[in-house]
Amino acid sequence: MNDVKDKFFELAIEHGIAINVGDSKKANALHSRITKIYKKLKEENNYLPFLEGIKQENESIRHWSAVFLIKHDPILAKKILDDLSKLNSITSTKAQLTLDLWKKNLLEL
């Protein structure tokens with residue numbers, strides 16, 4: 001299980017870097033890989049990597065973890081996204097967009 005969690009963390013960090021430097025091609029490829037991990041864990045009803053992810057220092061890991069927890073534990077996920085939306089970084093924008101999409105029931109997971 002740690003292999004999957006570690007891979008998720010690694011990809012989330014790489015995705016955050018790609019977003020920050022404007023490498024949309026790499027970010028999109030990483031997005032797909034991260035989503036595959038989520039779908040696999042969701043099928044197994046295993047949200048532990050995401051529950052651990054929201055405790056990490058890295059903003060991108062926290063953001064992805066909150067996104068993947070939003071249907072499993074919406075109160076916790078919303079708190080994490082609210083906290084991230086107050087930062088002075090691109091993650092703030094991503095967190096606010098996630099919250100907006102979720103409130104409009106447009107977040108597809």
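Since we're looking at a predicted model, the values are computed, not measured.
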Inset, instruction - Indicate, with yes or no, if Ile13 and Val4 share a hydrophobic cluster defined by side-chain heavy-atom contacts under 4.5 Å among Ile, Leu, Val, Met, Phe, Trp and Tyr. - result: yes
Inset, instruction - Would you please name every residue forming a ring pair (Phe, Tyr, Trp, His ring centres under 6.0 Å) with His15, sequence neighbours left out? - result: Trp64
Inset, instruction - Taking Thr98 for its side chain and Lys94 for its backbone only, find out whether a donor-acceptor pair lies under 3.5 Å. - result: yes
Quick one: side chains of residues 21-32, donor-acceptor pairs under 3.5 Å with protein atoms, not counting sequence neighbours, listed by atom name and distance.
from  : atom 1 : to    : atom 2 : distance (Å)
Asp23 : OD1    : Lys26 : N      : 3.1
Asn28 : ND2    : Ser24 : O      : 3.3
Ser32 : OG     : Asn28 : O      : 3.4

Inset, instruction - Find out whether Arg62 and Leu87 are in side-chain contact, i.e. whether some heavy atom of one side chain is under 4.5 Å from a heavy atom of the other. - result: yes
Legend entry - Any side-chain heavy-atom pair of Ser65 and Ile54 under 4.5 Å: yes
Inset, instruction - Return the minimal non-hydrogen interatomic distance between Ala95 and Leu81, and the atom names on each side. - result: CB-O, 3.5 Å
Legend entry - Polar side-chain atom of Thr91 near backbone of Ser60 as donor-acceptor pair, under 3.5 Å: no
Inset, instruction - Drop me the distance from Ile80's CD1 to His63's NE2, to the nearest 0.5 angstrom. - result: 11.5 Å
Inset, instruction - To the nearest 0.5 Å, tell me how far Lys103 NZ sits from Lys78 NZ. - result: 5.0 Å
Inset, instruction - Please determine if Lys39 and Glu43 form a salt bridge, counting it only when a charged side-chain N lies under 4.0 Å from a carboxylate O. - result: no
Legend entry - Inter-residue atom distance Asp3.CG - Lys5.NZ, 0.5 Å rounding: 10.0 Å
Inset, instruction - Tell me whether Ile19 is reachable from Tyr38 by hopping between hydrophobic residues (I, L, V, M, F, W, Y) whose side-chain heavy atoms are closer than 4.5 Å. - result: no
Legend entry - Verify same cluster id: Val67, Leu97 (apolar side-chain graph, 4.5 Å): yes
Legend entry - Within-4.5 Å side-chain heavy-atom neighbours: Ile34 and Phe68: yes
Inset, instruction - Examine Ile70 and Leu101 and state if one hydrophobic cluster contains both, with Ile, Leu, Val, Met, Phe, Trp and Tyr joined whenever side-chain heavy atoms are less than 4.5 Å apart. - result: yes
Legend entry - Atom pair NZ (Lys42) and CD1 (Ile37), whose distance is rounded to the nearest 0.5 Å: 15.5 Å
Inset, instruction - Step through the shown structure and confirm whether more than 12 heavy atoms of other residues, nucleotides or ligands are within 6.0 Å of CG on Leu106. - result: yes
Inset, instruction - Drop me the distance from Ser92's OG to Asp83's CG, to the nearest 0.5 angstrom. - result: 11.0 Å
Inset, instruction - Treating Ile, Leu, Val, Met, Phe, Trp and Tyr as nodes and any side-chain heavy-atom pair under 4.5 angstrom as an edge, say whether Leu11 and Leu51 lie in one connected cluster. - result: yes
Legend entry - Side chain to side chain, Phe50 and His72, heavy atoms closer than 4.5 Å: no
Inset, instruction - For Phe9, check ring pair (Phe, Tyr, Trp, His ring centres under 6.0 Å) against everything at least two apart and list the hits. - result: none
Legend entry - Lys86 bridged to Asp82 by N-O distance under 4.0 Å: no
Legend entry - Ile17 side, atom CD1; Asn58 side, atom CG - distance, nearest 0.5 Å: 8.0 Å
Legend entry - Shortest non-hydrogen contact between Lys40 and Glu44, atoms and distance: NZ-OE2, 2.9 Å
Legend entry - Lys7 bridged to Glu10 by N-O distance under 4.0 Å: yes
Inset, instruction - Please report the shortest heavy-atom distance between Leu69 and Tyr47, naming the atom on each side. - result: CD2-CB, 3.9 Å
